[in-house]
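Every chain is numbered from 1, with letters handed out A, B, ... down the list of sequences.
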Number of protein chains: 2
Amino acid sequence: MRLADGPVRLQPMPPGADAMLIAKCPVRDVLDRIGDKWSVLILKNLEEGPRRFGVLKRMIGDISQRMLTQTLRDLQRDGLIQRTVYPTVPPSVDYRLTKLGQSLMDPLEYLVQWSDRNHQKVRKARQSFDRTPPGAPA
Amino acid sequence: MRLADGPVRLQPMPPGADAMLIAKCPVRDVLDRIGDKWSVLILKNLEEGPRRFGVLKRMIGDISQRMLTQTLRDLQRDGLIQRTVYPTVPPSVDYRLTKLGQSLMDPLEYLVQWSDRNHQKVRKARQSFDRTPPGAPA
DNA sequence: CAGCATCCTCGTGGATACTG
DNA sequence: CAGTATCCACGAGGATGCTG
């Protein structure tokens, strides 16, 4: 796979050039987007169809107005969702997945499935680790 | 990425929205892990086999010692990688994927594939968005 | 209704120095 | 070699008030 634009570095690089290594990694474009706190939640909510701003806010519940606006904007910027403004009074706006956004839901679904099947194991590993820290007495 | 680790209920929600709660969404466990800056890069490097600390550091190049140590410990805590200490002098430690960790690579691979195929579209959408901001003159 | 503007907290992660 | 320990900059994200 391509984590970098070229082969993974075997030797240290001058600082700054290495930052580009990650910056150019395609999967980081995705992870930086869906890795944030709200993107996946919003995407999931839009999977069933167009949703208005207020509806999204109520559905998610514990998202601030600020973060909803900002995340929606970022998703739109990346071409994953489309924003439609209806010139009514008061204004109405809805959001929906673009084709690109819909296509992202497929790989995302695999991740969700893995999570559903394995989150218990992760939680158990976590508890076990916390009970018996690395520096534990023999 | 600040994800809630406990129950989060600020206001009453419509029925059905409860499933969207962050605290109850297993995929958050995964995104919280792989969504950080280094986890995927490390996991990818471990895909081919056990790697020692110093090797990982050189392979990745621009990761600080602190973040490599910390991310490795978090991955270990979640049961995704195994840490093996060889009591040599000087000490030698290697890391490898657990079965759980390996199984995560599959859904991750779909994400990587999607990224490789679509990151150009994302970048273009981004550029287009930045050239023509939402509040652009009619 | 669907935002924008502002202030502020706190977690992530970088830099550096030290050690068994 | 494989870490710890500290300090610190930055930005994500929460709270609140205002607006077209």
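- For B/Arg66, the side chain to side chain contact (heavy atoms under 4.5 Å, CB included) partners are B/Ser64, B/Gln70, not counting sequence neighbours.
- In this structure, B/Asp94 atom CG and D/dA2 atom P are separated by 9 Å, rounded to whole Å.
- With DNA chain C read from its 5' end, the first of the two nearest nucleotides for A/Arg83 and B/Ile63 is the one closest to A/Arg83.
- Rounding to whole angstrom units, CZ of residue A/Arg73 and C1' of D/dG13 are separated by 17 Å.
- One interatomic measurement links the two molecules: OH of A/Tyr95 to P of C/dC1, which rounds to 14 Å at whole-angstrom precision.
- Distance CZ (A/Arg33) to P (D/dA12): 10 Å, rounded to an integer number of Å.
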For a quick check, with a 4.0 angstrom heavy-atom cut-off, what is the B/S/- contact string for nucleotides 5-11 of chain D, read 5' to 3'? -B-----
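- Residues A/His119 and A/Trp114 form no side-chain contact, since every pair of their non-hydrogen atoms from C-beta on lies 4.5 Å or further apart.
- With DNA chain D read from its 5' end, the first of the two nearest nucleotides for A/Thr71 and A/Gln65 is the one closest to A/Thr71.
- Summarising the geometry, the separation between CZ on B/Arg51 and P on D/dC1 is reported as 17 Å, rounded to the nearest angstrom.
- At whole-Å resolution of the value, CH2 in A/Trp38 and P in D/dG13 are 9 Å apart.
- Judged as a side chain to side chain contact (heavy atoms under 4.5 Å, CB included), and not counting sequence neighbours, the contacts of A/Thr71 are A/Asp36, A/Trp38, A/Ser39, A/Ile42, A/Met67, A/Leu75.
- Here B/Gln70 lies out of heavy-atom contact (under 4.0 Å) with every strand.
- Contacts classified as salt bridge (Lys or Arg N to Asp or Glu O under 4.0 Å) and involving residues 85-113 of chain A (residues at least two apart or in different chains) are given here: A/Lys44-A/Glu109, A/Asp94-A/Arg96.
- Rounded to a whole Å, the CG atom of A/Leu72 is 7 Å from the P atom of C/dG3.
- Within 6.0 Å of NZ in B/Lys121 there are 12 or fewer heavy atoms belonging to other residues, nucleotides or ligands.
- Comparing the axis of the opening five pairs of the helix from C/dC1-D/dG20 to C/dG20-D/dC1 with that of the closing five pairs yields an angle of 50°, rounded to 10°.
- In this structure B/Arg51 satisfies the side chain to side chain contact (heavy atoms under 4.5 Å, CB included) test together with B/Leu46, B/Glu48, B/Val55, B/Leu56, sequence neighbours excluded.
- Counting only heavy atoms from C-beta on, B/Thr69 has its side chain closest to D/dT4 among D/dT4, C/dA5, C/dA2.
- Scanning for side chain to side chain contact (heavy atoms under 4.5 Å, CB included) contacts around B/Pro91 gives an empty result, with sequence neighbours left out.
- By the side-chain hydrogen bond (donor to acceptor under 3.5 Å, both in side chains) test, A/Gln65 is found to be paired with A/Thr69, residues two or more places apart in sequence or in another chain being considered.
- Checked against D/dC1, C/dG3, C/dG13, the side chain of B/Met67 finds its nearest nucleotide in C/dG13.
- B/Tyr110 is linked by a ring pair (Phe, Tyr, Trp, His ring centres under 6.0 Å) to A/Tyr110, counting only residues two or more places apart in sequence or in another chain.
- One can place CG of B/Asp62 at 14 Å from C1' of C/dA15, the figure rounded to the nearest angstrom.
- Using a 4.0 Å cut-off, some side-chain N or O of B/Lys37 falls inside it from OP1 or OP2 of C/dG14.
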